[in-house]
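Order of the sequence lines fixes the chain letters, A, B, ..., with proteins taken first and strands second; residue numbering starts at 1 for each chain.
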Amino acid sequence: MTEHNHPGDSQPMRVRFGPSPTGITHLGSARTALYNYLLAHQTGGQFILRIEDTDQKRYDPNAEEDLTQSLKWLGLQWDEGPDVGGEYGPYRQSERKQLYLDVAHELIDKGHAFYCFCTREELDKQRKEQQAKKEKTRYKGTCRNLSKEEVQRRLDNGDEHVIRFKMPMEGTTTVTDRLRGEITFENQYLDDYIIVKSNGLAVYHLATMVDDHYMKVTHVLRGEEWIPTFPLHARIYRAMGWEEPEFVHLSLFLKPSGKGKMSKRDTEAMKASGESIFIRDMKGLGYLPEAILNWVVLMGWSYDDQTEFFTMEDMIEKFSLGKLNPKNAAIDFKKLDHFNGLHIRNLAVEDLAERLKPFLAEAGYTDVDQDVLLAVTPLLQPRLTTLDEVVDWVPFLFDEEVTPNAESLVVKKLTPEQSLDLAQAVLAVVENAPSMTHEDIEQPLRQLAEDKELKAGQVFGLLREAVTAQRVSPPLVESMDILGKDECVARLRKAIIILENLVKNGANNE
RNA sequence: GCCCCCAUCGUCUAGGGGACCAGGACGUAGCCCUUUCAAGGCUAAGACCGGGGUUCGAAUCCCCGUGGGGGCACCA
């Protein structure tokens with residue numbers, strides 16, 4: 001176990017989030033970005049957004065837009081980045097090509113890197129041979145010790161080439177990860193990694209180290225999938241004589257089953273069941289950014305043995321590298337639902353009402369009455385798990401025509417005739433009440449139930465169907481109050497007609 | 001196949017040699033509250049991967065197994 005807190009943890013941290021624009025922003029990225037954001041804000045440092053677009057083949061022009069939209073929606077605004085600038089720009093790797101080349105050449109001059117003219121075909125062949133012989137796969141070193149003259153000759157000749165890092169053949173490389181302590185690799189199992197491609201663009205390994213150095217990044221937070229190439233990264237730093245930042249390799253998110261990382265197939269299966277790991281989808285699914293953040297911050301980090309509800313403010317105050325957990329975590333959407341409910345309940349009524357509007361609009365309720373919305377929102381607040389559920393609760397308030405179901409109007413344990421009779425009695429109570437408030441309506445209705453030797457539930461059940469025509473609804477009396485007495489009376493009359501018809505038809509059938 | 005990381009309830013986790021017959025949360029079950037549905041309150045079941053050490057004492061430290069995960073590209 002490493003110590004929990006390092007002396008440098010309270011110094012301003014310069015951290016960066018470096019996504020490659022190749023796909024849709026997902027939960028794993030959101031967590032990395034969040035941790036970075038938290039650290040920067042907690043220490044008064046800077047959160048840098050750097051676009052790592054050195055792979056032109058996989059480049060997706062929509063990815064960057066999706067990324068910035070997702071981060072902004074989550075509330076993770078960066079201090080420096082391609083759109084906002086900063087004194088260490090540019091913040092897009094494709095615009096920093098020369099810088100990487102300069103470092104690569106310096107590495108060559110210092111004897112830490114070399115030009116390689118081997119063709120892909122040769123390389124593939126070598127690799128296959130090694131695999132067939134069950135040997136470790138490592139570059140054979142054909143171009144490792146070419147003479148200066150030979151190199152110059154082939155360069156002048158325009159021969160296609162890459163630049164490789166010269167990894168020692170023997171000895172070990174020890175690197176330090178914040179969560180795991182020292183990790184030692186045997187150099188013989190490492191490789192002479194390509195650091196500049198034949199098109200002249202650096203690969204991740206070079207570009208990112210160069211950027212982190214020149215952008216004065218103090219703490220690198222990245223996924224654990226980078227541990228295998230960590231020795232290369234450390235060696236680049238050391239070869240250049242740069243001071244290494246602190247490296248923190250975060251645990252990976254596993255699919256809900258806990259078996260492996262999310263694959264494309266998994267994400268599609270998820271969508272079918274109304275779940276998604278893509279931030280832009282989660283918005284439409286009715287999740288709050290506050291809830292997503294709260295959920296995700298706890299996948300790999302904890303505060304103490306009790307507290308789990310966190311606002312952004314809480315997280316900024318309480319987050320710490322020392323409490324990070326290196327164990328991979330399976331995604332659990334049930335827990336997200338829980339946090340979403342918690343954060344919905346934590347919202348101010350006006351705020352929640354505003355956030356419900358897009359979902360109402362989606363269902364066709366484009367011009368809802370603001371007063372009605374504000375009146376019903378507190379009733380919905382403890383009942384909603386996701387925002388989209390609002391449409392299940394409010395049709396009775398916003399639909400033009402509300403028609404109760406005849407069968408449902410028949411009260412439990414009563415005949416249609418008795419139900420009709422009861423409905424008329426209920427109508428009388430409602431008509432006589434001065435208002436639809438608890439004080440004016442609840443007690444008379446209970447009295448009615450008592451007089452008729454019925455359970456309160458039977459009376460309220462009939463009334464609920466008549467007034468809302470919904471199987472479930474917000475609390476009845478409050479709902480009636482929102483509707484107003486006149487509307488309640490009208491709906492009750494309509495229900496009575498429906499019951500009368502039922503009784504008539506029932507009689508005919510007999 | 002080779003290299004690396006990880007290992008506490010089904011899941012997320014607390015745990016830093018004695019405070020642990022292992023605590024919290026989600027989920028599950030039951031009860032209470034209740035006009036529907038929730039929310040809320042209470043309760044229950046549920047875990048230290050196995051084996052060796054070290055130690056008076058191990059969930060905690062070490063080793064070996066096993067299991068899970070990741071990496072082995074002119075992708076990141």
Side-chain angles (χ1 to χ4, degrees), chain A residues 1-4 18-20 22-23 52-55 57-58 116 120 123-124 127 130-131 133-138 160-164 177 179-180 183-186 188-191 193-199 201 203-205 207-208 222-231 249 251-252 254 256 258-261 295 298-309 323 325-339 341 345 379-385 392-393 442 445-446 449 455-465 468 470-477:
Chain A
M1 258 298 177
T2 49
E3 345 163 21
H4 272 186
S20 70
T22 54
E52 310 207 334
D53 56 349
T54 53
D55 183 0
K57 284 195 217 80
R58 294 198 309 156
C116 173
R120 290 171 215 252
L123 262 16
D124 285 344
R127 200 171 10 247
Q130 286 170 330
Q131 277 166 350
K133 286 193 244 169
K134 302 204 166 166
E135 288 171 359
K136 54 184 180 254
T137 51
R138 175 169 180 158
E160 191 172 87
H161 62 275
V162 298
I163 298 175
R164 289 179 182 270
D177 169 65
L179 278 69
R180 298 157 242 266
I183 306 171
T184 298
F185 294 76
E186 287 192 51
Q188 60 164 322
Y189 296 119
L190 271 18
D191 206 345
Y193 301 95
I194 290 171
I195 54 177
V196 176
K197 296 179 259 193
S198 56
N199 65 6
L201 252 176
V203 299
Y204 169 92
H205 307 298
T208 298
R222 42 148 52 162
E224 154 186 294
E225 71 266 28
W226 293 110
I227 293 179
T229 44
F230 192 5
H249 291 94
S251 64
L252 267 20
L254 270 24
K259 302 229 176 289
K261 288 207 294 189
W295 176 50
L298 287 171
M299 293 177 67
W301 175 79
S302 61
Y303 176 60
D304 58 20
D305 63 347
Q306 298 292 327
T307 323
E308 285 206 333
F309 181 86
K323 297 281 264 175
N325 183 333
K327 192 190 166 189
N328 291 169
I331 295 167
D332 180 9
F333 288 102
K334 284 276 175 50
K335 193 134 187 177
L336 202 217
D337 285 343
H338 170 249
F339 280 120
R345 275 163 248 142
L379 305 180
L380 264 23
Q381 203 155 18
R383 274 163 256 265
L384 295 176
T385 297
D392 299 333
W393 291 92
E442 187 172 356
L445 285 170
R446 285 185 187 280
K455 291 213 158 106
Q458 292 173 292
V459 174
F460 287 112
L462 171 69
L463 192 49
R464 166 170 282 105
E465 182 63 30
T468 71
Q470 290 176 197
R471 204 172 60 257
V472 298
S473 81
L476 223 211
V477 176

Short side-chain N/O contact from A/Arg464 to OP1 or OP2 of B/C37, under 4.0 Å: no

Point-to-point distance, once rounded to the nearest 0.5 Å, from OG of A/Ser198 to CD1 of A/Ile163: 11.0 Å

Test item: A/Pro475 and A/Leu379 side chains (from C-beta on) under 4.5 Å apart, heavy atoms: yes

A/Asp337 CG - B/U28 P separation (whole Å): 11 Å

Listed nucleotide nearest any side-chain atom of A/Pro326, set B/C6, B/C12, B/A38: B/C6

Minimum-distance nucleotide to A/Arg180 side chain [options: B/C26, B/C37, B/C5]: B/C5

Distance, rounded to the nearest Å, where A/Phe309 contributes CZ and B/C26 contributes P: 13 Å

Validation row: A/Met299, A/Ile331 side chains within 4.5 angstrom (heavy atoms): yes

Interatomic distance where CZ belongs to A/Arg222 and P belongs to B/C5 [whole Å]: 15 Å

Sugar-phosphate only, base, or nothing, as touched by A/Ile183 at under 4.0 Å among non-hydrogen atoms: sugar-phosphate

B/A14 phosphate, OP1 or OP2, under 4.0 Å from A/Ser302 side-chain N/O: yes

Under 3.5 Å on both distances, the Watson-Crick or G-U partner of B/A19: none

Nucleotide nearest A/Val472 (side chain, heavy atoms from C-beta), chosen from B/A39, B/C37, B/C5: B/C37

P-based separation of B/U60 from B/A73 [nearest Å]: 38 Å

C1'-based separation of B/C9 from B/A59 [nearest Å]: 13 Å

Nearest-Å distance for atom pair CD/C1', residues A/Gln188 and B/C3: 10 Å

Pairwise N/O distances under 3.5 Å, protein to nucleotides 41-48 of chain B:
none

Watson-Crick or G-U wobble mate for B/G46, both contacts under 3.5 Å: none

B/G67: pairing nucleotide in any strand, Watson-Crick or G-U under 3.5 angstrom: B/C6

Sugar-phosphate only, base, or nothing, as touched by A/Pro475 at under 4.0 Å among non-hydrogen atoms: base

Enclosure of A/Lys455 NZ (heavy-atom neighbours >12, cutoff 6.0 Å): no

Shortest non-hydrogen separation from A/Ala449 to A/Val459 and the atoms involved: CB-CG2, 3.6 Å

Taking only nitrogen or oxygen atoms into account, show me every contact under 3.5 Å that the protein makes with nucleotides 69-76 of chain B, one pair per line with its distance.
residue, atom, partner, partner atom, Å
B/G69, O2', A/Asn328, OD1, 2.8
B/G70, OP1, A/Lys261, N, 3.0
B/G71, OP1, A/Lys261, NZ, 3.2
B/C72, O2', A/Thr137, OG1, 3.3
B/C74, O2', A/Arg120, NH1, 3.3
B/C74, O2, A/Ser198, N, 2.8
B/C74, O2, A/Ser198, OG, 2.8
B/C74, N3, A/Arg120, NH2, 3.3
B/C74, N3, A/Ser198, OG, 3.0
B/C75, OP1, A/Lys57, NZ, 3.2
B/C75, OP2, A/Lys197, NZ, 3.0
B/C75, O2', A/Asp55, OD2, 2.5
B/C75, O2', A/Arg58, NE, 3.1
B/C75, O2', A/Arg58, NH2, 3.0
B/C75, O2, A/Arg58, NH1, 3.4
B/C75, O2, A/Arg58, NH2, 3.3
B/A76, OP1, A/Thr54, OG1, 2.5
B/A76, OP1, A/Lys197, NZ, 3.2
B/A76, OP2, A/Tyr204, N, 3.2
B/A76, O4', A/Arg58, NH2, 3.3
B/A76, O2', A/Ser20, OG, 3.3

Plane angle bin for A/Trp226 and A/His205 - parallel if under 30°, tilted between 30 and 60°, otherwise perpendicular: perpendicular

Residue matched to B/C61 through Watson-Crick or wobble contacts both under 3.5 angstrom: B/G53

Got a list of protein N/O to nucleotides 30-34 of chain B N/O distances below 3.5 Å?
none

Pair partner, B/C72 [Watson-Crick or wobble, under 3.5 Å]: B/G1

Sugar-phosphate, base or nothing in reach of A/Trp295, heavy atoms under 4.0 Å: nothing

Length of the CD1-P vector between A/Ile331 and B/U13, whole Å: 12 Å

Heavy atoms of other groups near A/Arg345 CZ, more than 12 under 6.0 Å: yes

Gap in Å between the two C1' atoms, one belonging to B/A22 and one to B/G46, rounded: 13 Å

From A/Lys197 atom NZ to A/Ile195 atom CD1, the distance as rounded to the nearest 0.5 Å: 12.5 Å

side-chain hydrogen bond (donor to acceptor under 3.5 Å, both in side chains) against A/Arg383, all qualifying residues, sequence neighbours excluded: none

Closest non-hydrogen atom pair, A/Asn199 against A/Leu201: OD1-N, 2.9 Å

Value in whole Å for how far the P atom of B/C12 lies from CG of A/Leu298: 13 Å

Under the salt bridge (charged side-chain N to carboxylate O under 4.0 Å, His left out) test, residues paired with A/Lys335 that sit two or more places apart: A/Glu308

Pair A/Arg180 + A/Glu224, salt bridge at N-O below 4.0 Å: yes

A/Lys334 side-chain N/O to B/G10 phosphate OP1/OP2 under 4.0 Å: no

From CH2 (A/Trp393) to OG1 (A/Thr468), nearest 0.5 Å: 10.5 Å

Identify the pairs formed between an N or O of the protein and an N or O of nucleotides 23-25 of chain B at a distance under 3.5 Å, and give each distance.
residue, atom, partner, partner atom, Å
B/G24, O4', A/Asp305, O, 3.3
B/G24, N2, A/Glu308, OE2, 3.0
B/A25, O2', A/Glu308, OE1, 2.6
B/A25, O2', A/Lys335, NZ, 3.3
B/A25, N3, A/Lys335, NZ, 2.9

Spacing between A/Leu462 atom CG and B/U36 atom P, to the nearest angstrom: 15 Å

pair A/Val203-A/Tyr193: side-chain heavy atoms closer than 4.5 Å: no

Salt bridge (Lys or Arg N to Asp or Glu O under 4.0 Å) evaluation trace for A/Asp337 with A/Lys334: CA-CA 5 Å; A/Asp337 285 343; A/Lys334 284 276 175 50; over 6 Å; no

Complementary nucleotide for B/A38 - Watson-Crick or wobble, under 3.5 Å: none

Distance (rounded to the nearest 0.5 Å) between A/Ile194 CD1 and A/Leu123 CG: 6.5 Å

Distance, rounded to the nearest Å, where A/Asp332 contributes CG and B/C26 contributes C1': 6 Å

Pairwise 5' ranking along RNA chain B for A/Asn325 and A/Arg471, keeping only the more 5' one: A/Asn325

